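Before any comments, here is the structure.
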Amino acid sequence: MARESESGLPIEPVYGPDTLAGWDPAEKLGEPGSYPFTRGVYPSMYTGRPWTMRQYAGFGTAVESNARYQQLIANGTMGLSVAFDLPTQMGHDSDAPIASGEVGKVGVAIDSVDDMRILFGGIPLDKVSTSMTINAPAALLLLMYQLVGEEQGVPADKLTGTIQNDVLKEYIARGTYIFPPKPSLRLIADIFKYCRAEIPKWNTISISGYHMAEAGASPAQEIAFTLADGIEYVRTAVAAGMDVDDFAPRLSFFFVSRTTILEEVAKFRAARRIWARVMRDEFGAKNPKSLMLRFHTQTAGVQLTAQQPEVNLVRVAVQGLAAVLGGTQSLHTNSFDEAIALPTDKSARLALRTQQVLAYETDVTATVDPFAGSYVVERMTDEVEAAAVELMERVEELGGAVSAIEHGFQKGEIERSAYRIAQETDSGERVVVGVNRFQVETEDPYEPLRVDPAIEAQQAARLATLRAERDQPAVDAALAELKKAAEGEANVLYPMKDALKARATVGEVCGALREVWGTYVPTDAF
Ligand SMILES: C[C@H](C(=O)O)C(=O)SCCNC(=O)CCNC(=O)[C@H](O)C(C)(C)COP(=O)(O)OP(=O)(O)OC[C@H]1O[C@@H](n2cnc3c(N)ncnc32)[C@H](O)[C@@H]1OP(=O)(O)O
């Protein structure tokens, strides 16, 4: 009997040569590193260079987070990935009343360039690539990174990294939006233009399906809604006067990796194929780099369990393997204790070691796209692709990603899928080891890492000093210039950089933009 995949597609007990009757490898696969990039974006893939091991980290103040980055680098991490706390992500200072209780909790607290300097102290910015999970205030954090680079004597064209900068999925699944869609998209176009001119090696956006998957999206939904968001960003930049090949090579993506290896590999391959086709046929991109879907992967946090947490080590290894077999460019493997608390030093190291085992002790990196030609994986790649394309067409029928968001379409579809998963788990039809089967009577005690609540007062004191020391008229003038640009059509990043250099805070800069652009109120709010 056929089993259902996570996308609700049938998985037959046996596949054979008939499965691929009429299937044309030249059309469906091509060569690795060539259109339609099913087999991966680089001809040599991991035989030429391993993926970037990039562990997402950050908590407390810049001092604690810097220590964690130094430790990850010493342990062999290949790129940094910064987690910011919620006040920073929402554009508030640590001393704002709304920030109370959240400072430094889910990431590092950054209020000004003074904090950013500490965060990257002793880390040469021309030697490391840095991802920053920041969305509505992405421009601010990017500019502060550039300012720290300048202080280190690193020219902007040597900086490499990624800002998440994907506001559309914030409306759909993640929630850290500030401004309404129209000014948010204008800001994103300003970022694309600024990076093209000033920081050409920067990946300007990480168009993310991860959070939709965490909210319950199926693999087909995850790639469909993410690629539909990607299409909206491309349309925005083209409408803002950019040539598609001037910005598309620096678009990047971010997906989840679940324990269902076969379907995940199919999903990654299908996503590459759809994106290459859309960019070539719909947008007329000519540069092969514009057609390449490059992506980061994080193992599925939602599949981790608080019960018998060591079992998560096994899940993460399986999920990481799926990402590697699917050709990821960059990978974060979760720590086994992440369902409970922030990772400890030891659990963060074990997570990185999991990637190192995959890279250096297995043979899956010895050959490109090992599943190519597999009856089941090729069939699933076609089927996930078809299911995703159908969903993308429904988004188009609703007028594109923003309009579909306003209709509540993506959220509604994801919620239906989440409900199905919850029902299957409750009924025991979906086995979750240690939760609805194979439980133990008593769980081992576990001492989680906790963030010191005193850091909120420390950050507030730092802000008071900063406000007392800085040249306030210069800050006021720079913020006024920023508002003028936001009201008109000039690129806001140039006056924003001046304001941040004058030590304006994250809350002040975002506050100035809020005054001009307003804030987003979701259509389904009550
Ligand atoms: C859940 C949580 C939350 O909600 O808070 C989150 O969001 S965490 C979210 C965390 N997000 C992230 O960490 C996102 C990370 N994203 C990225 O790092 C990027 O966007 C990425 C996916 C494009 C990966 O970039 P990367 O620099 O690591 O890797 P690349 O693939 O670009 O490789 C680096 C350079 O090596 C070259 N290169 C790589 N492999 C090969 C190969 N086999 N042959 C030849 N060249 C190669 C590339 O062309 C590139 O150079 P050149 O550039 O010169 O071509």
Side-chain angles (χ1 to χ4, degrees), residues 2-13 51 53 55-56 209-223 254-271 295-328 331-340 343 347 350-355 357-359 361-362 364 370-371 374 376-377 380-381 383-384 387 414 417-418 420-439:
R3 190 178 127 174
E4 261 197 9
S5 79
E6 292 297 299
S7 299
L9 303 164
I11 312 181
E12 302 297 338
W51 66 90
M53 299 177 195
Q55 295 298 90
Y56 183 56
Y210 180 85
H211 313 89
M212 299 186 207
E214 290 288 283
S218 71
Q221 289 173 337
E222 178 198 347
I223 60 168
F254 171 30
F255 297 114
V256 78
S257 190
R258 303 172 177 82
T259 46
T260 36
I261 295 182
L262 302 180
E263 190 177 14
E264 293 300 276
V265 174
K267 174 191 80 177
F268 295 128
R269 298 167 92 245
F295 67 100
H296 172 73
T297 306
Q298 179 161 336
T299 55
V302 76
Q303 291 189 316
L304 302 187
T305 62
Q307 295 88 341
Q308 302 177 53
E310 293 83 357
V311 179
N312 294 328
L313 284 166
V314 182
R315 294 191 177 101
V316 168
V318 172
Q319 295 162 340
L321 178 63
V324 170
L325 289 168
T328 195
L331 178 62
H332 167 99
T333 34
N334 285 323
S335 299
F336 75 92
D337 48 0
E338 258 170 85
I340 307 171
S347 70
L350 274 171
L352 176 61
R353 294 284 179 261
T354 309
Q355 296 206 36
V357 169
L358 289 174
E361 293 190 12
T362 76
V364 297
F371 269 129
S374 144
V376 58
V377 171
M380 279 181 132
T381 303
E383 288 181 350
V384 173
I414 293 169
S417 167
R420 185 185 83 148
I421 296 170
Q423 272 185 324
E424 290 171 2
T425 310
D426 287 350
S427 71
E429 189 188 331
R430 175 183 292 265
V431 176
V432 185
V433 172
V435 175
N436 61 10
R437 255 169 100 176
F438 315 113
Q439 300 96 322

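In this chain, residues are counted from 1 in sequence order. Model, not experiment: these values are computed from the prediction.
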Distance col, row Q319:CD vs N334:CG, nearest 0.5 angstrom, shows 7.0 Å
Steps toward side chain to side chain donor-acceptor pair (under 3.5 Å) verdict (Q439, Q307): CA-CA 8 Å; Q439 300 96 322; Q307 295 88 341; over 6 Å; no
Using modelled atom types and a 3.5 Å cut-off, is there a donor and acceptor pairing between side-chain atoms of S427 and backbone atoms of E429? yes
Can you check side-chain contact (heavy atoms from CB on, under 4.5 Å) on Q221 and M212, steps first, answer last? CA-CA 8 Å; Q221 289 173 337; M212 299 186 207; over 6 Å; no
Is any side-chain heavy atom of L321 closer than 4.5 Å to a side-chain heavy atom of I261? yes
Would you call the rings of F254 and Y210 parallel, tilted or perpendicular, where under 30° means parallel and over 60° means perpendicular? parallel
Pair R420-E4, side-chain contact (heavy atoms from CB on, under 4.5 Å): steps then yes or no: CA-CA 12 Å; R420 185 185 83 148; E4 261 197 9; 3.1 Å; yes
Does a side-chain heavy-atom distance below 4.5 Å link L358 with W51? yes
Check side chain to side chain contact (heavy atoms under 4.5 Å, CB included) between Q423 and all other residues, then give those that pass, not counting sequence neighbours. Y419
Could you tell me whether the side chain of S417 and the main chain of G216 form a donor-acceptor pair under 3.5 Å? yes
Measuring from T260:OG1 to M380:CE, what's the distance to the nearest 0.5 Å? 8.0 Å
Quick one: do S5 and E263 satisfy side chain to side chain donor-acceptor pair (under 3.5 Å)? Show the steps, please. CA-CA 7 Å; S5 79; E263 190 177 14; 3.0 Å; yes
Of all residues at least two apart in sequence or in a different chain, which pass the salt bridge (charged side-chain N to carboxylate O under 4.0 Å, His left out) check with R258? E222, E264
How far apart are the closest heavy atoms of A339 and A306, and which atoms are they? CB-N, 3.9 Å
Roughly how far, to the nearest 0.5 Å, is the CG atom of L262 from the CD atom of E6? 12.0 Å
Where do Q355 and Q55 land on the side-chain contact (heavy atoms from CB on, under 4.5 Å) test, with the steps shown first? CA-CA 10 Å; Q355 296 206 36; Q55 295 298 90; 2.8 Å; yes
Sub-4.5 Å side-chain heavy-atom contact between R3 and P10: no
Scanning both residues in full, the closest heavy-atom pair of L325 with P370 reads CD2-CG, 3.7 Å
T259 and R315 side chains, donor-acceptor separation under 3.5 Å: no
Ring-plane angle category for F295 and F268, please: parallel below 30°, perpendicular beyond 60°, tilted otherwise. parallel
In terms of heavy-atom contacts, A351 and S335 come closest through CB-OG, 3.8 Å
With side chains defined as the heavy atoms from C-beta onward, is the minimum distance between I421 and V302 less than 4.5 Å? no
Between the side chains of Q298 and S257, does any donor sit under 3.5 Å from an acceptor? no
All heavy atoms of A266 vs all of V377, minimum pair found to be CB-O, 4.1 Å
Between CG on residue D337 and CD on residue E310, distance to nearest 0.5 Å: 9.5 Å
Heavy-atom pair with the smallest gap, counting every atom of S347 and F336: CB-CE2, 3.5 Å
If you compare all heavy atoms of T299 against all heavy atoms of V256, which two are closest, and at what distance to 0.1 Å? C-CG2, 4.4 Å
Verdict with reasoning, L331 to M53, per side-chain contact (heavy atoms from CB on, under 4.5 Å): CA-CA 5 Å; L331 178 62; M53 299 177 195; over 6 Å; no
Assess, by modelled atom type and distance only, whether the side chains of E338 and N312 contain a donor and an acceptor separated by less than 3.5 Å. no
Sequence-distant partners of R353, side chain to side chain donor-acceptor pair (under 3.5 Å), two or more places apart: N75, Q356
Evaluate the side-chain proximity of H332 to T297: yes if any heavy-atom separation is below 4.5 Å, no if none is. no
N436 side chain vs R430 backbone, donor-acceptor pair below 3.5 Å: yes
